[in-house]
Amino acid sequence: MTLPPRLRIVHLYPDLMSVYGDRGNILALVRRAQWRGIEVDVTGVTVGDRLDPDEADLIFFGGGQDREQAVVSKDFVGEKGEATIEAVEDGAALLAICGGYQLLGRTYTTFDGQELPGAGLFDIRSVPGPRRHIGNALVETDLDGESRTLVGFENHSGCTYLGDGVRPLGKVLVGAGNNGEDRTEGAVYRGAYGCYLHGSLLPKNPWLADRLLAIALRRRTGASVALPALDDRLEDDAHRAVEQRVRAAGGRVQSGAW
Amino acid sequence: MPSPRLSAALLAGRGAAALSRRLGRGGGTVIAGHLVPRMAPRALRDLTRQLPLGSAVVSGTNGKTTTTRLIAHILRQAGHHPVHNRAGANLLTGLFSAVVQDASFFGRPRSDVGLFEVDEATLPGALRHIEPRVLLLLNIFRDQLDRYGEVHFVAGIWQEAVARLGAATTLAVNADDPLVYGLVDHARGPRLLTYGVVDRSAGSPTLPHAVDARLCPRCGSAMAYDLAFYGHLGWFRCTAGDFTRPTPDVAVTRVDPQGDAGSLLTFRTPRGGFTAEFKLPGLYNVYNALAATAACLALGVAPATIGRGLETFTAAFGRLERIPIERRELYLALVKNPVGFTEVLRTILQQPGRRTLLLVINDQFADGTDISWLWDVDFESLADDRVNLAVCSGIRAEDMSVRLKYAGVPTERIRVENDVRAALEIALQAAEEGETVYALPTYTAMLAVRDVLRQTGYVRGFWED
Ligand SMILES: [Zn+2]
């Protein structure tokens, strides 16, 4: 029997886009691969580095503070953005949260009203919103006709609107989602997923972590791989606790002071 | 002469505080503080101006309460009588309360020096009332993001506050925090006093993964570190060359850690050096000792007195306490942000042997409603065999358990019990006689732990101390 190949995860800007615990998504992907005997290499790619689309089975792009995001957008939109799109078109998996999600859209508008081009992977446009959306969120998805929920914590003032070339990741049951208006949250294009959910997202939504791993493995091996089930009791309890908490509160547990 | 309005306001404020104490509502200090600013908006200014030694104002994300207590303790050693606000009462109302309760009927302070711990976002407002003799700025870390947004928000409002300081103020700043030291650019009026750690052996050559300040505050280029102490504190320099960590005026030149018994510290100051056996463990407490030393020097306290004060100090409420309980010891330390939590873990891990932990995580407003930050805490340091049992409790116990699992703590050593009292019992039972149980709660979780301890007779109410 041949050893399974090492899975290659690229973490975009781990030094600059690393607020709100988004690093937990990397930890979840790495552990859940390792628990199944799949070895993983995580490569950080930051300002000045090159992103090779052939060397990325799974790309993660987290959220950052405004100042850091401004530096990152200059570096990312262009060559790295194109390499990211190339990898996704070639079958790679991608997860982008908050700031990373916005930078992968067609355009995003800064706080001082400048409309800047994004990398253009997702057909979305983001603009600053009138208020900040802060709180636990519950999202319903049906990616393969199977209804599932995502729990997370959103903290954003940006509003994202979907174009025709993209599907939402899910429907908001509790929270603001993309823009606080159309009840959509996130975007899906091929194996790429973007959304506003921190938390970290993947540890409490292990099914999404496994979905990303399966896409990445298929890209790596060229064949569909069925991932063995894991003991997810702690994860499922954590998911359920948040879900019950937000449902019982009839909406938001608590919103910010502004 | 006190104005009649001030006198009336003082009476009303004190009456409200006494009444709410009798009604058992806790300290009552905040009630008085809400009343007085409306009745006598100048009370804080008028009263602090009369303090013969002036005031010291302390702000920063981590270490405010401990540092302020430490300064108060040293000032008392030096024969002074400080007026200071109570732990947690660090908004404007808390400052008003403190000075009002200290004032005589004639509107004069009974104390001779003011000492105020101020919330980061409240600092500009507080400085409109108090012209401090010393403004001590400790650090800026990410804390309760849902309230303040981000570190640059705090840095921004502090810039404006610092720009308004005059020559009567000494601005004492942490030279090892680029976000705090970067404020010096905006200070034209005040005298400057910097403090920092210069012992290379206390640091490490690499930065931790989740750092809040990666960009130069002057030009926005990437920062490099020759040495990292904790979080983004260290010997930083801008890669574009326009901003470098200075040689601090007040320095700890040697840290000899002695486990959780504290450390032996060697100080260098413009007024001479000294050594002190400091009983609070951890490098973050070394910074608190340095900050207090800088502030006390600026207030005119002699180095020898400062050293004596550092040696005789024990920790503040809830920040770090040891409580004997059922022939075991409960080590209670507040955790509230990634950097602080990581440092507490580092301190605990200096102890040999197995460790029983009680991690109590709430997500109320005072804790920060977003618990994502748990993923930025270095729980990986607890992996493998270092944990005997980790009991996860509080509203977000389940999140904590998942975090530990992904950090590499074996799941059979993780227990989830949302109820704090039951969780404490499980943890105590898991520890042997003479062993320490490390209880690490967030803010409202700490109040819950103390409630349980008080009901069972182990500690008194916090306003009684
Ligand atoms: Zn610079």
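When the shell of 6.0 Å around CD of Glu79(A) is examined, it contains 12 or fewer heavy atoms from other residues, nucleotides or ligands. Open room surrounds CZ on Arg415(B); 12 or fewer heavy atoms of other groups in view lie less than 6.0 Å from it.
The contact between Ala241(A) and chain B is made entirely by side chain atoms (from C-beta outward), counting heavy-atom distances below 4.5 Å. Contacts between Val30(A) and chain B at a heavy-atom distance below 4.5 Å are absent for every atom of the residue. Contacts between Asp231(A) and chain B at a heavy-atom distance below 4.5 Å involve the backbone alone (N, CA, C, O). Only the side chain of Ile395(B) comes within less than 4.5 Å of a heavy atom in chain A; its backbone stays farther off. Interface residue Ala407(B): only backbone heavy atoms are found under 4.5 Å from chain A.
Residue with the most contacts toward chain A among Val402(B), Val416(B), Asn418(B), Thr411(B): Val402(B) (heavy-atom pairs, distance under 4.5 Å). Heavy-atom pairs under 4.5 Å with chain B peak, among Ser200(A), Ala238(A), Gly24(A), at Ser200(A). Note on Asp22(A), Leu16(A), Asp66(A), Asn25(A): by heavy-atom pairs under 4.5 Å with chain B, the leading option is Asp66(A). Ranked by heavy-atom pairs shorter than 4.5 Å toward chain B, the options His198(A), Lys204(A), His239(A) are led by Lys204(A).
Judged by distance alone, with hydrogens and angles left aside, the side-chain atoms of Lys336(B) form no donor-acceptor pair with the main-chain N or O of Pro441(B) at under 3.5 Å.
Aromatic ring pairs are classed by plane angle as parallel below 30°, tilted from 30° to 60° and perpendicular above 60°; the pair Phe341(B) and Trp373(B) is tilted. Ring geometry for Tyr196(A) against His156(A) counts as parallel: the plane angle stays under 30°, on a 0 to 90° scale with 60° as the upper cut. The aromatic rings of Phe76(A) and Tyr13(A) sit perpendicular, their planes meeting at an angle over 60°, well past the 30° parallel limit. The aromatic rings of His232(B) and Phe141(B) sit tilted relative to each other, their planes meeting at an angle between 30° and 60°.
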